[in-house]
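Read through the structure below, which is laid out as structure tokens, and then see the notes.
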Amino acid sequence: MTQAATRTWTELKPQRKASVPEGLWLRCPGCGQMIYRKQMEANLHVCPECQHHFRIGATERVRQLADPGSFEAMFTGLTPTDPLKFRDLKSYKDRLLAEQIKSGASDAAVAGTCFVKGRAAMLCVLDLSFMMGSMGSVVGETVTRSIEAATQRSLPLIIVSGSGGARMQESGLSLMQMAKTSAALGRHDDAGGLFISVLTDPTTGGVTASFAMLGDVIVAEPKALIGFAGPRVIQQTIRQELPEGFQRSEYLLKAGMVDRVAARAELRSELARVIDYAGK
Amino acid sequence: MTIHLVSMSFFQLDFEKPVLELDRKIESLESLLSRRSADANRPAAANGLLATLNPTVEVPPFAADQAESLDLDESDGAALTDPAAIRARIASLRAEREAKLAQVYTSLSPWNTVRVARVPKRPQTRDYIDMMCKDFCELHGDRRYGDDPAMVVGFARIGSIKVLVVGHHKGRTTQEKIACHFGCAHPEGYRKALAKMKLAEKFGLPIVTFVDTPGAYPGLGAEARGQAEAIAVNLREMSRLRTPIVSIVIGEGGSGGALGIAVADRVAMLEHAWYSVISPEGCAAILWKTANEQTNSAAADALKLTARDNLKLKIIDELIPEPLGGAHRDPKKTAAAIERWVLDRLHELKGINPATLPQQRYERFRRLGSFTEAVA
């Protein structure tokens, strides 16, 4: 006890911070257990103890969903601009550059054709690791082109969402991406196309209020935060504690807002099965 | 998205202070003038008669020292005895006031534009319906959950055209404002709007929508009943309605909640309205980590939310000028300008085969966005 009392927070904090992202072991935020990183990663980035689904980037998601070697990327030349010359504490240009260097991607969406358990599909994945998967012009354009390609080629469309919403730094143009993507889905629907929307933690704001909630079939990963307004905004409005599990997948299933909650390990079979039932 | 549910009954715009001071001066001089002329017009005999009939009534002689109680400065006080001079002074003050108002309103900062868009006296959807429409037949309820007063829907005539009107409504009295959640619609509001818009399509009626919301309501019930889904479905369905749609942002165009009734063939904004992906306060709270007067103003600048900026970005097709000093200073003139725009656009859209409208509407939104593309 005496020893613990002599240690200060400044000594403790940096050690802890450094050991979590880089170490061989990490503490699962779901169950608090120390788990072996490699084991978690081999388990599709799911905690082997409590089934907590860790957030994953677009590349890893594609690797998990597409048959090995079948993914052919499309629309890779799209690069964001800074149409509004947006500047908050940092300029949007600098933010973009920093994110691009960090991730090696040009923006927050990856798209292409692939096979899922042998079934041809159009796959589009939002990338949480790039500006929280927020939707600006490039993400909106990538999603829209994916939808249009799926319509043209009569392919089932799968969009995996994980996003903080519309990107503030492109303001009104980001907002218009909501209309653009939703309108493209209207045409896909007119053509009898299948759209499976996969919701992952977190999917909120303008992404939820556009293409993400328009799936013919909506599948959510367990315990994902899914909603229109963020929990903090709601709390500020109603000024009371939010109920336990509010805006989580299981809650949405009960509220009738999603069709299925599926663990990551089941996702491929889930997709293949829906594609088969839709006869696509 | 941050929604400000503050009652603003004592609302005053600080940048209008010089104008309001002139207003006060003019008012004082006018009341002085009316008293002065009342004095002059009252025949001396009548004065005398009054005095003899009722000696207890004192008829006060007009006195220049009344100026002190009238909130006037010395230069005005000096000329007070001469009605002609007072009139001349009023005329020059009026001219000065007009010039000041014009100066203030032609150089509004984006943040002050947002504040003008929120002036409680600014005309709202129901006001425009009263001023523009004949024989309004309101249609209530979404047939699923309830009737959201924050969304007003109904058949109406504008000019000689039968239309369906849809609009956010903020509420005018405190009670109405609370019932309308200050213009923040719930999912049932969006679903009501869509259900009636489908009726309009079926009966071949064009749709006119008035956008005026800080954003869709962020609350427990709204989330539980699928706020995101309701808006998303509206975006998809409006894009393929086979009937003309025109939208006007009359006040606040807050994010998805605004867009939920604004996927139109033609979109206009009133001069001092704002339209953006997030409110300046919401944006400041996230990107500047704190929302105060200074960061709100910076966020409003950065978001390019004014009518002129939206026009430049091609998000809207037209800007409808407001009367000098904002729509609330002359609601009738504003309504007339909107009516003219609506009638012109509907006339133009009438010439297009309704079956091809969705294609054109699709292309209108399809073009929006800014990016570069490397040739692979």
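Residue numbers begin at 1 in each chain, while the letters A, B, ... track the order of the sequences.
A salt bridge does not link A:Glu250 with A:Lys223: every distance from a Lys NZ or Arg NE/NH1/NH2 to an Asp or Glu carboxylate oxygen is 4.0 Å or more. Between A:Lys180 and A:Glu141 there is a salt bridge, since a side-chain N of the basic residue sits under 4.0 Å from a carboxylate O of the acidic one. Under a 4.0 Å N-O distance rule, the pair B:Asp317/B:Arg345 does not qualify as a salt bridge. A salt bridge links B:Arg225 with B:Glu188: the distance from a Lys NZ or Arg NE/NH1/NH2 to an Asp or Glu carboxylate oxygen falls below 4.0 Å. In summary, A:Glu148 and A:Arg153 do not engage in a salt bridge, as defined by a charged side-chain N under 4.0 Å from a carboxylate O.
Rounded to the nearest 0.5 angstrom, B:Asp301 CG and B:Asn296 CG are separated by 11.0 Å. The line from CZ of B:Arg118 to OG of B:Ser279 is 6.5 Å long, rounded to the nearest 0.5 Å. A distance of 12.0 Å separates CG in A:Leu173 from CE in A:Met135, rounded to the nearest 0.5 Å. The distance from atom CD1 of A:Ile226 to atom CD of A:Glu221, rounded to the nearest 0.5 Å, is 9.5 Å. The line from CG of B:Asp212 to CD1 of B:Ile248 is 11.5 Å long, rounded to the nearest 0.5 Å. In this structure, B:Glu223 CD and A:Met257 CE are separated by 10.0 Å, a value rounded to the nearest 0.5 Å.
Residue A:Asp107: no heavy atom, backbone or side chain, is found under 4.5 Å from chain B. With a 4.5 Å cut-off on non-hydrogen atoms, A:Leu78 touches chain B through its backbone and its side chain both. Looking at B:Leu303, both its backbone and its side chain come within 4.5 Å of chain A, counting heavy atoms on both sides. Contact annotation for A:Ala212: neither backbone nor side-chain heavy atoms come within less than 4.5 Å of a heavy atom of chain B. In this structure, chain B has no heavy atom under 4.5 Å from any part of A:Gln235. Of the atoms belonging to B:Ala298, not a single heavy atom falls under 4.5 Å from chain A. Neither the backbone nor the side chain of B:Arg367 comes within less than 4.5 Å of any heavy atom in chain A. Using a 4.5 Å cut-off between heavy atoms, A:Arg232 makes no contact with chain B at all. Interface remark: A:Met178 contributes backbone and side-chain atoms alike to the contact with chain B (heavy atom separation under 4.5 Å).
The salt bridge (Lys or Arg N to Asp or Glu O under 4.0 Å) test applied to B:Asp148 returns no partner, not counting sequence neighbours.
Contacts with chain B were tallied for A:Ile218, A:Thr79, A:Asp189; A:Thr79 has the most, counting heavy-atom pairs under 4.5 Å. Annotation: maximal heavy-atom pairing with chain B below 4.5 Å, among A:Ser171, A:Ala229, A:Gly256, occurs at A:Ser171. Per-residue heavy-atom pair counts under 4.5 Å with chain B were compared for A:Arg167, A:Glu170, A:Lys85, A:Met168, and the maximum is reached by A:Met168. Considering only heavy-atom pairs separated by less than 4.5 Å from chain A, the leading option among B:Ala224, B:Gly219, B:Ala284 is B:Ala224. Heavy-atom pairs under 4.5 Å with chain B were tallied for A:Ser106, A:Gly136, A:Ala184, A:Pro243; the largest tally goes to A:Ala184. Counting heavy-atom pairs closer than 4.5 Å to chain B, the top-ranked of the candidates A:Gln169, A:Lys254, A:Met213, A:Gln177 is A:Met213. Ranked by non-hydrogen atom pairs under 4.5 Å with chain B, the options A:Ser137, A:Ala166, A:Pro83 are led by A:Ser137. Counting heavy-atom pairs closer than 4.5 Å to chain A, the top-ranked of the candidates B:Tyr275, B:Phe365, B:Phe371 is B:Phe371.
At a cut-off of 3.5 Å, with distance as the only test, no side-chain donor of B:Trp288 or B:Gln294 sits close to an acceptor on the other residue. Between B:Thr113 and B:His272, the side chains place no donor N or O within less than 3.5 Å of an acceptor N or O (distance only, hydrogens not considered). Residues A:Ser129 and A:Ser103 bring no donor and acceptor atom of their side chains to less than 3.5 Å of each other.
Annotation: A:Glu72, atom CD; neighbour count of heavy atoms from other residues, nucleotides and ligands within 6.0 Å does not exceed 12.
With a 4.5 Å cut-off on side-chain heavy atoms, B:Asn310 and B:Thr306 do not count as touching.
By the 30° and 60° cut-offs, the orientation of the rings of B:His186 relative to B:His181 is tilted. Ring planes of A:Phe246 and A:Tyr251: perpendicular class, angle over 60° (limits at 30 and 60°).
Closest approach of B:Thr290 to B:Thr295, counting heavy atoms only: O-OG1, 2.7 Å.
Proximity to chain B among residues 197-209 of chain A is limited to A:Thr208, A:Ala209, judged by heavy-atom separations below 4.5 angstrom. Residues of residues 229-246 of chain B lying under 4.5 angstrom from chain A, judged on non-hydrogen atoms, are B:Glu229, B:Ile231, B:Ala232, B:Val233, B:Leu235, B:Arg236, B:Ser239, B:Arg240 in numerical order. Chain A is approached within less than 4.5 Å, heavy atom to heavy atom, by B:Gln359, B:Tyr362 from residues 356-364 of chain B, ordered by number.
Both tests do not hold together for A:Arg87 against A:Tyr92: distance to the six-membered ring centre under 6.0 Å, angle to the ring axis within 45°.
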